[in-house]
Amino acid sequence: MYENRRLGFLFVLPFVLGVLMFKLFPFVMSFALSFTEYDVMNPPVWIGADNYRQLFTQDPLFNKSLGVTMFFVAMAVPLRVGFALFIAHVLNFKLRGINFFRSAFYLPSILGGSIAAAVLWRFLFAQQGLVNIVLSKLGIEPIAWLADEHYSIWTVILLFTWQFGSAMVIFLAALQNVPTSLYEAAEIDGASKTQQFFRITVPLITPVIFFNLIMQMVHAFQEFNGPYMITEGGPLHSTYLLSLYIYDQSFKLFNLGYGAALSWVLFAIVGGLSAVSFISSKYWVFYAGEKDNKR
Amino acid sequence: MAQVHLQRIEKVYPNGFKAVHGVDLDVREGEFMVFVGPSGCAKSTLLRMIAGLESISGGELRIGGSVVNNLAPKQRGIAMVFQNYALYPHMKVYDNLAFGLRLSGTPKAEVDARVRDAARLLEMDHLLERYPKQLSGGQAQRVAVGRAIVKKPGVFLFDEPLSNLDAKLRASMRVRLTELHRTLREQGRASTAIYVTHDQVEAMTMGERICVLKDGTIQQVDVPTALYERPANAFVAGFIGSPEMNIRPAQVAVSEQGAAMAVGNVPLALPAGHAQRLAAWVGRGLRFGLRPEHIVADLSAPGVDQLTDLVRVDGTIRFTEHMGSEVFIHFDLGDVPFTCRASAERLGDVLHKRRGERHRFGFQMGFSHAFEPEGDGRNLLL
Amino acid sequence: MAQVHLQRIEKVYPNGFKAVHGVDLDVREGEFMVFVGPSGCAKSTLLRMIAGLESISGGELRIGGSVVNNLAPKQRGIAMVFQNYALYPHMKVYDNLAFGLRLSGTPKAEVDARVRDAARLLEMDHLLERYPKQLSGGQAQRVAVGRAIVKKPGVFLFDEPLSNLDAKLRASMRVRLTELHRTLREQGRASTAIYVTHDQVEAMTMGERICVLKDGTIQQVDVPTALYERPANAFVAGFIGSPEMNIRPAQVAVSEQGAAMAVGNVPLALPAGHAQRLAAWVGRGLRFGLRPEHIVADLSAPGVDQLTDLVRVDGTIRFTEHMGSEVFIHFDLGDVPFTCRASAERLGDVLHKRRGERHRFGFQMGFSHAFEPEGDGRNLLL
Amino acid sequence: MNTALHTAPVAADAADRVASDREALITRRRERIAAVTRYVVLCAVGLVMLYPMIWLIGASFKSNSEIFTEIGFLPSRLDFTAYAKGWKTSTEYTFATYFLNSFLITIPRIIVTVISCVLVAYAFARFEFFGKKFLFSVMVGTMMLPLIILRLPQYLMFKEFGWLDTYLPMIVPSAFATDTFFVFMLVQFLRGIPRDMEEAAQIDGCNALQLLWHIIVPLLKPAIISVIVFQFIWTMNDFMGPLIYLSTVEKYPVSLALKMSIGATEEVEWASVLAISVVALLPSVAVFFAAQRHFIEGAASSGIKG
Amino acid sequence: QTPATLRFSWWGGGERHETTLKAIAAFEAKNPGVKIKGEYMGFGGYQERLTTQIAGGQEPDIMQINWAWMSTYSKRGDGFLDLGAHKPLLSLKEFSDEEIRMGTIGGKLNGLPTSYTARLFVWNKAAFDRAGMKLPATWDELFAAGKPFQAKNGDKAYVIDGELYDMLLLSQTYIQQKHGTPYVDPQEARVAMSPQALLEWVQTYKRLVDGKVATPLPYRASLGGAEKPTEQQPDWVNGQWAGNYTWDSVLRLRASTLDKQQKLEIGDFLTLPGAKASGIFGRPSLMFVASKRTKHPEVAAKFINFLLTDPEAARILGLTRGVPAADSALKVLVDEKRIDALELKAWQQIRTAKEAGRITLPSPLFESPRVQKFMREVFEQVAYGKLTEQQAAARLLDEGNAMLARLK
Ligand SMILES: Nc1ncnc2c1ncn2[C@@H]1O[C@H](COP(=O)(O)OP(=O)(O)OP(=O)(O)O)[C@@H](O)[C@H]1O
Ligand SMILES: Nc1ncnc2c1ncn2[C@@H]1O[C@H](COP(=O)(O)OP(=O)(O)OP(=O)(O)O)[C@@H](O)[C@H]1O
Ligand SMILES: [Mg+2]
Ligand SMILES: [Mg+2]
């Protein structure tokens, strides 16, 4: 039955239609827009590759923003994924009140990009905020988190990290798939809990680590709410992620053509990085289930 | 150095289930001990307590003389082979073998030497660079054993290591493991082995001594032949041997011909020795036991005449199973089913009989057993 | 009505692998046919093609006379029991049984009647309200069979239905399935059965005829005893029988004493009949085969003197395996390993011999086989 | 094992026991320390995670000046007027309307998402058809373009359909399995489910749709629950979609209504805003908590096998 | 006859929503057959939605917008309905000529203001009292107030708070008084300030900060974001920060969080002796505009007129969109004492200046998002010490001119 090509196609048909209609058309349109100058009020004017030319040659803010974005992604993604993995690992033990902890740890993700999260975050990282109070208790000079261009990005990174819930849920799932007998074998081999984690758990869930890394990278490149609500891109554009720049160009400066061009550059970067990750995954992602896929 | 001593060992699982009830057992140094029993009888639990994977709720466990109740697995000097092998799928065979040694900080050169040594012993030098998923079942099994060997443990623990293999492979790996154990012992390496299985064939062929378990208690510990010939109770008698011993409800009756075992209303005359020991049971119900090979199918075969205590009775054929060299004949005595095991060459005319036809069998009553009717059924003739 | 007819059946998997190479086979109505062979020989592939789960790449498949190559499974009048039972975990046993009937729009009353009928037949009335996860292995297995029975199919297909059960349970389910098949046949229900296994014990005991497969081709199709006694080639000879037939490289040599089979430099005199048929092979290498039960361990036992064509040779004991009623003795003849199977009661002094000691065995050369040296090794004596 | 061995050990025994007892003690202590550490870590992290909720609840009882001057979460008084006020809102409708609206969007959306995603995932995971690999990469690819830029083209499209100011733009695309994340998840999960049950059902006479309904859907239940939970939470939180497509206040969902009273230059009653934020979170929290057991089992098998 | 249904969109907070809905009801009562559908929301996302709607030709019939957006949405005056075509329906006499002019682009009356707003000084009198100082009355007093104020109240205390834009406007006021020109020429698309004036503009900003008068940008940012409104600053709430240079329309908001010890007062508008211009920065705040695609232009015009000038509407709406620009509406509120003392004083200050012709119309380009973004960027860099005063002045001149040229 599963060899029936027509039947299979019939099932994906809605998807194909949906993609064509709801995704591909806007895709193409935005791509077309990126070759125009369009300010919403007046019809778009075809200007060829000018937007792209300007973007790569005359736009220091793009470079700055790209740099910030890259740094953000490079920091936030491993942090979120790492933290999610760590917590999932801890939660994987049989513990009293595990359901409570699971829900508690997912809570920030439910909060999403709400005002509450923004207000709170500004509070935590304010000069006299909780973070600095804790730091000063530890004998560390308070840091002007939101004002110092070297630290401000960290508030955004930490917010991103804090909402690690969905990555955690996926990890929890994966961890439960690691056969307990491997841990027992390792225990008999004399591996400590830490060694078991790094030498058994981590290698075995690389497919999920990989999956999460890709998904979170895609997310991180599109991160908007955090910097928009907390720092508004500042100070000195130190948290001016590309998505913010695209937003400003498109909806504040009414440069929709330019915004579209920026988007497509971002798309190319994410796509390129994903492709690279997929290729590199051959070397570090371990698919244990491959042999059994017949059954 | 590596004897294993269990004293009143108990296990209560966190959910309150008591899996092991005060087990006492001595496994001698270098001995190959088999734990056998039906599923759920706590074989694995016991083994895992010895390994240190499961906490001990009561009693004392000694390995090599010292109490290890609360030691971590790695401090117990044991190695374990798991049912599903539990090979690290992300490591090559070489690294699977070397993992434990490396963790304990063994020098590189020695790790290499020991890994290669084990590989040679198990004839798997050519597999060292493969990943587990590139191995066949039998090869994976050997790697699992290899991983245990390199550690040069005092005690090997095996938890049904062959049950995932197919019949043919299982038979050959069985021989291989037995030979390996003897080789190691001859080389003077300490190699006490405790082997868990639910397959009585494995138990019989591999075990130097066998410990039969049921519901977390030991039924009998002895060498294979003793278990087979002198089972302590009906449970052991039924569990050991294939096809199963015929164990049927019966009554001891005394008539002018002497004492007889009445099964399905058919009286089977008992030898004097048996009758004497069963005197107390006359007129009472008990369980009668006779192994299939002690029922003769072809009464005209040479040598049958010389058999003592042979009782001839007619049975109704149900069907026969052909095993090549031998045949299992299923028949009813009265309405009690019996199985007879006969050499394929000495079948006589039984083969040509059809379902429902009558055939005369010979019961070698000298080999018969009698068990208490209730509970595990103590062997009344011991 | 429900004979199954395979004509030049081929299977090429989408990845280009040719799993089945032109298989011709007739399964007669009401027959119990067993497919046996090592892992990967395409037993399942063949069965699944008959079931309609796998497309047929070439040839013609007929069930009950009509070509079904392109029919959907449900139109073929078959039922199948899977290795891991494939019970629907979200349905109660009752619904598992009723599912197929309901799909085909059978009236409610009839569904109920058939389900209860099947449950009674398999003695599982009390299980109907359980979910699959509340069943033991043996019970689940019965439900899987029940699901096949209710459909009253023309053909039953079994894909290793017993291989997930433990040894003891496997043996009893084996008997049960055989009886069930005969009962159904006696009740006049069409019940052609095709049964896949890699366990030759199952094959021998259950099959009315056995089809031995290797690498997607049929090696031999015949009744069990014929397979056992007259294997078509070395592969079948080795595969059928446990412990395995001793198949060893040898040479036919002719000296003044007559023709002999030289194994590990030890000449074993051949009976005249054999020598004659092997005349063409004198001086050439071939493979010599002798089943373990045709090697006598206790030459002083009664009846041994009457055996014809007995060749007495000395072997070096390696080790023995005790099976209760019988013992497998592993020994070397020269440096060629042999296995002997002896009744535990007729062992003589071999039991007391230790590894490395010499013992005299008797080879019943009248039962010996000879196979071509290359490939599958055609049986040269047929 | 001779008698000498049996008589001698008493003394050696004691020494052994002391040694092994010490080791045992260390082992046990280490275990206890590990357990304690685990709890400490969990609670510490848990506090950081829960702090916002606690703060939020606390702040909903505070006055404006308190909110902006005090970091602590303990309010000086406990009265629920902020909740009552927030619930009533400054609009023509109470939050009951907005919650109802949210459910009117969320529930149909969940239904069509589940149906379409299961169908498509089924096809991807089980069937062979032309262009499967290509379509799968397209699916992954659509997740990567910044959504901001698709907004305007999509708006224009829905305008042409005449769907503005209806819930259709938020629901209908989901009916075409455009939520590719879920398709991806379900595919991964399906890959982990053995096919035997489906084969048995084929022999029992199921066609593809019956197979899907009778076998696949029940087996996928945990995964489907996780799709439901994720989609519930994400749709409840979605602000941009309703903002752009809905203009009638009566149709606003909670996410939009929440920001209703925050103008640019007016005085804002922060307590009410926060109070109602807390209330708005409740459905999501409840859904997550209720479903999390299945949820985690579900994602469980969706993991590795890819 | 089907009722004419018009959509009316605005953003705002609770009070504005409530009053506007009532005003709509009143209008509908007066105009049977007309239905006004309110599409209202918070400020967040309003502009995106409006932009998308305009791009799709789906904007509401009547819209509330910021004055500064007019030049973007209606560059040449053809973006919105020309209300001028419906003059008979409008009570234009209620508005000053200047207000009319500010709603006119390319000769077309695009919108009418709800209110007129201007920057002014508001001081926390209590804080000054605590410091033993009097409210600054001259620029020099202001420049000098920082250090003594801190000496009394600690080094976290500042005389005047404001986010970057407030400070930049404050400094511009000073320059305008001294040199006579704002940054952007009101008539042409070019930088009006001389290089020297530009330099002094930057220097004035630095002077305010370095002299501890104004809250420094980095410090402000560190407290929870550079653009966090003054009233949300704890130091404002408790009177550590004592002043604000802000719109009269937000006075109530600023006062709303103050604790009980504090008391706000409107200060004199600081003026240099011999100032070349008042430097007061004033303009209409919110505008009502109508869609050029509306099917009922007359009703739209009537409705706008009703909201802005009808006494009943004024009574209902009160101050929710600032002090009304229309005379009649204002009169109602004044008569009914709906304006509190502080607001009234502020309004009088502005009114006086306006009537004296001392408030000149700023260039709409000055508040265009691009110019805003650019100025903020430059001053931010100055604040963080990334640019010298000279460099900043040069950038403001060169890049400013280039940008303005492109914008026109
Ligand atoms: N973690 C546990 N908690 C509670 N009961 C358990 C646990 N593990 C095992 N048991 C119970 O303890 C008994 C013994 O289990 P054990 O696994 O030792 O049996 P076994 O003899 O190894 O069986 P098998 O042959 O099936 O492996 C069983 O009844 C089982 O249900
Ligand atoms: N889907 C498939 N694609 C390609 N090759 C396959 C596929 N399924 C099976 N094969 C190959 O076809 C051959 C026969 O497989 P099959 O499953 O029929 O063996 P089998 O005899 O049933 O073995 P086992 O006893 O292990 O079940 C094997 O070599 C197998 O690797
Ligand atoms: Mg077990
Ligand atoms: Mg198979």
Side-chain angles (χ1 to χ4, degrees), chain C residues 13-15 44 47-55 71-92 95-106 111 131-132 140 143-151 153-161 164, chain D residues 114 118 121-136 186 189-228 291 293-298 300-302 305:
Chain C
Y13 274 111
N15 65 2
S44 299
L47 196 76
R48 290 162 56 82
M49 283 200 287
I50 297 171
L53 294 174
E54 210 75 69
S55 66
L71 291 190
K74 62 173 165 178
Q75 297 161 318
R76 298 190 181 193
I78 48 123
M80 183 157 169
V81 179
F82 293 80
Q83 175 170 356
N84 55 2
Y85 321 140
L87 300 182
Y88 311 124
H90 54 291
M91 298 183 196
K92 290 187 174 164
D95 301 304
N96 261 284
L97 297 188
F99 185 62
L101 296 177
R102 285 184 186 144
L103 280 180
S104 63
T106 315
V111 171
Y131 280 98
V143 174
V145 173
R147 194 168 57 178
I149 288 178
V150 288
K151 297 179 67 186
V155 184
F156 280 106
L157 305 174
F158 297 90
D159 193 355
E160 308 194 9
N164 280 350
Chain D
V114 167
V118 167
Y122 179 45
F124 272 124
R126 293 291 200 251
F127 285 90
E128 292 299 327
F129 54 86
F130 176 73
K132 179 166 143 175
K133 285 225 168 90
F134 171 75
L135 285 175
F136 205 75
L186 291 173
F189 188 85
L190 259 173
R191 281 182 183 166
I193 298 182
R195 296 188 181 194
D196 308 52
M197 263 83 76
E198 290 149 62
E199 293 182 342
Q202 275 182 50
I203 287 181
D204 270 346
C206 279
N207 62 32
L209 277 181
Q210 286 172 324
L211 210 56
L212 186 66
W213 178 246
H214 290 295
I215 310 296
I216 304 276
V217 167
L219 293 182
L220 266 182
K221 205 169 90 192
I224 291 175
I225 288 179
S226 37
V227 168
I228 292 173
R293 179 159 295 168
H294 304 277
F295 193 44
I296 277 150
E297 269 175 22
S301 319
S302 75
K305 304 248 160 67

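Convention: sequence-line order gives letters A, B, ...; per-chain numbering from 1.
The minimum heavy-atom distance linking D/Ile203 with C/Lys151 is given by the pair O-NZ, 2.5 Å. A pairwise comparison of heavy atoms in D/Ala200 and C/Ala86 identifies CB-O, 3.9 Å as the closest pair.
Remark: C/Asn96 CG to D/Met197 CE distance equals 10.0 Å, nearest 0.5 Å. One finds the CZ atom of C/Arg147 at 6.0 Å from the CG atom of D/Asp204 (value rounded to the nearest 0.5 Å). Separation of atoms CZ (C/Phe82) and CZ (D/Arg195) is listed at 13.0 Å; rounding is to 0.5 Å.
Using a 4.5 Å cut-off between heavy atoms, D/Glu199 contacts chain C through both its backbone and its side chain. For C/Leu101, no part lies under 4.5 angstrom from a heavy atom of chain D.
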Would you tabulate the side-chain donor-acceptor contacts of residues 211-221 of chain D under 3.5 Å, counting partners in other chains and residues two or more places apart, or write 'none'?
none

Exercise answer: donor-acceptor pairs, residues 73-81 of chain C side-chain atoms, under 3.5 Å, sequence neighbours excluded:
unit_1, atom_1, unit_2, atom_2, d
C/Gln75, OE1, C/Ala72, N, 2.9
C/Arg76, NE, C/Leu71, O, 3.1
C/Arg76, NH1, C/Met49, O, 2.8
C/Arg76, NH1, C/Ile50, O, 3.0
C/Arg76, NH2, C/Val68, O, 3.1
C/Arg76, NH2, C/Asn69, O, 3.2
C/Arg76, NH2, C/Leu71, O, 3.0

